[in-house]
Each structure stands twice: as C-alpha cells, then as structure tokens.
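Worksheet: the structure to be examined is printed underneath.
Any value given below was found using the heavy atoms of this structure, including those in side chains, with hydrogens, waters and symmetry copies removed. Please read these numbers as outputs of a predicted model, since none were measured by experiment.
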Amino acid sequence: MEALYHQTNKQVHEVQSYMGRLETSDKESVHLENEIQARIDKVFSDLERLEILSSKEPPNKRQNAKLRVDQLKYDVQHLQTALRNFQHRRYIREQQERQREELLARTFTTNGTQKKILDVANTLGLSNTVMRLIEKRAFQDKYFMIGGMIVTCLVMFLVVQYLT
C-alpha cells in the first residue's frame, strides 16, 4: 500500500506541475489538457485501489491510511475542477474570437437597407414620384436639423456669455 500511495502522490504532484505549465502555454494546451486528463483518470483508478487496500490495513493504521487516501482524493478532485475551469475559459475565449472574426468579416451597408425600403414602398403602391419627393424632403430635413443645432448652440453660448 505504501508504494502505491507514494506513486499516486507523485503523480498528483506531476499533474499539479502540468497545470502550472498549462496556464502559461497557448499552442500545446489541448495536447497538455488531454495528457493531464489521462493522468487524473489514472490517479482516480489508483485511488480506488488504495481505498480497498486501506480498508485491509490493521485497525491501528486503518484510520491514518484512510485519511491519507481521502486527502489525495480531495487534491485530485480540485485538480479536476481546475482543469474543467481552464477548459471552460479556453472555450469562452475561442468563442469570443470566432464572434469577433465574424463581426470583422461582416460588411455593414446602408444601401441594401435603402433598397429594401424602396422595394417595400413599391409593394405598398407608392409611385416613384412620391418616393423621390420623400428622399428630397429627407435631404432637406438634414440641413434643417444641422442649422437648428447650430442656432441652438449659438443661443446657449450667448446666454452663458451675457448672464455670467
């Protein structure tokens, strides 16, 4: 039992060092994740054997042996959780990168929208003359809006200038 315990404990420490390397590596992270998962699975199988062996220990050593096995199991469960958290963070990061690439690849145009609006208006039965009048009015309204903004700013400046 002692040899298997020390071997399992050594494997746990190796997995911990691999987890440290996993945080710093980017390129080989998937390969390292798979290796860590395989080692964790091996440690779990060793822990099952250790539990069986600890129950067969003499009564005066049994409590201590079970405590040591439980501590190893606790450590391995934390390593398993840390690996899952790392995999989840990597998945989220990859998903964000894909979404970013999709957004950068997408072209935003207003011409298509304007064309769709014209198609809908034609479907509703508005004539081309009415459509041109609407476009002309929208163009004129833009200048009225800009002029109104300038006049408002000028009035605000004059009010502040003369009242203070």
Side-chain angles (χ1 to χ4, degrees), residues 3-54 66-126 128 130-153 156-157:
L4 182 60
Y5 172 79
H6 289 297
Q7 176 187 358
T8 306
N9 194 19
K10 182 180 176 187
Q11 288 175 349
V12 168
H13 288 296
E14 287 174 359
V15 169
Q16 287 173 341
S17 68
Y18 281 149
M19 288 296 288
R21 282 184 27 208
L22 183 64
E23 293 292 331
T24 60
S25 70
D26 283 339
K27 304 269 190 285
E28 62 186 55
S29 66
V30 175
H31 171 70
L32 204 54
E33 286 176 32
N34 293 337
E35 187 174 336
I36 290 172
Q37 186 60 53
R39 286 181 181 255
I40 287 175
D41 292 341
K42 171 81 168 88
V43 168
F44 272 128
S45 67
D46 288 348
L47 283 172
E48 288 175 4
R49 288 193 315 176
L50 276 172
E51 280 185 328
I52 293 170
L53 291 175
S54 69
K66 285 189 183 239
L67 280 174
R68 289 170 38 182
V69 170
D70 287 343
Q71 181 62 42
L72 273 179
K73 190 182 288 188
Y74 180 78
D75 292 344
V76 173
Q77 287 172 344
H78 278 286
L79 288 172
Q80 180 77 31
T81 304
L83 180 62
R84 283 193 198 119
N85 287 339
F86 179 83
Q87 288 171 335
H88 180 69
R89 286 193 314 266
R90 182 179 50 80
Y91 172 75
I92 295 295
R93 188 173 52 244
E94 288 173 356
Q95 188 176 16
Q96 288 172 345
E97 287 174 12
R98 274 195 308 274
Q99 289 173 348
R100 181 177 179 272
E101 291 300 321
E102 287 174 8
L103 281 175
L104 290 175
R106 188 177 295 171
T107 57
F108 295 101
T109 60
T110 58
N111 296 340
T113 307
Q114 188 175 9
K115 193 174 190 178
K116 286 181 185 177
I117 290 172
L118 290 173
D119 290 343
V120 168
N122 285 332
T123 306
L124 292 175
L126 297 176
N128 287 335
V130 174
M131 292 302 297
R132 278 195 295 271
L133 287 174
I134 291 172
E135 287 177 7
K136 185 177 176 185
R137 177 67 190 258
F139 185 72
Q140 291 170 348
D141 286 349
K142 187 184 337 177
Y143 284 116
F144 281 125
M145 180 190 67
I146 292 171
M149 289 170 36
I150 291 172
V151 169
T152 303
C153 289
M156 288 172 52
F157 175 74

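- Taken from CG in D75 to CD in Q16, the straight-line distance is 6.5 Å, to the nearest 0.5 Å.
- Between K66 and D70 there is no salt bridge, since no side-chain nitrogen of the basic residue lies less than 4.0 Å from a carboxylate oxygen of the acidic one.
- Sequence neighbours left out, the pairs with a member in residues 5-18 that pass salt bridge (Lys or Arg N to Asp or Glu O under 4.0 Å) are E14-R39.
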* Asked: Under the side chain to side chain contact (heavy atoms under 4.5 Å, CB included) criterion, do E94 and R90 qualify, and how do the steps go?
  -> CA-CA 6 Å; E94 288 173 356; R90 182 179 50 80; 3.2 Å; yes
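- Taking both residues in full, the closest heavy atoms of L72 and Y5 are given as CD1-CE1, 3.3 Å, listed atom of the first, atom of the second, then distance.
- R84 contributes atom CZ, which lies 8.5 Å from atom CD of Q87 (distance to the nearest 0.5 angstrom).
- Residues I92 and Q95 are in side-chain contact: their nearest non-hydrogen atoms beyond the backbone lie under 4.5 Å apart.
- Expressed to the nearest 0.5 Å, how far CG of N85 lies from CD of Q80 amounts to 10.5 Å.
- With contacts defined as side-chain heavy-atom distances shorter than 4.5 Å, the pair R98/E101 does not qualify.
- To the nearest 0.5 Å, atom CZ of residue F44 and atom CD of residue E48 are 9.0 Å apart.
- Here the side chains of F139 and E135 are not in contact, with every heavy-atom distance at 4.5 Å or above.
- When all heavy atoms of L83 and M19 are compared, the pair lying nearest together is N-CE, 3.5 Å.
- Within a 6.0 Å radius of NE2 in H88, no more than 12 heavy atoms belonging to other residues, nucleotides or ligands are found.
- Side-chain contact between K136 and Q140 is present, with heavy atoms from C-beta onward closer than 4.5 Å.
- Considering every non-hydrogen atom in both L32 and Y18, the closest pair reads CD2-O, 4.0 Å.
- Within a 6.0 Å radius of CZ in R89, other residues, nucleotides and ligands contribute more than 12 heavy atoms.
- Taking both residues in full, the closest heavy atoms of L47 and V69 are given as CD2-O, 4.0 Å, listed atom of the first, atom of the second, then distance.
- L103 has its side chain out of reach of Q99: every pair of non-hydrogen atoms, C-beta onward, lies at least 4.5 Å apart.
- T8 OG1 to R49 CZ: the interatomic distance, rounded to the nearest 0.5 Å, is 7.5 Å.
- Rounding to the nearest 0.5 angstrom, the gap separating the CG atom in D46 from the CG atom in N9 is 11.5 Å.
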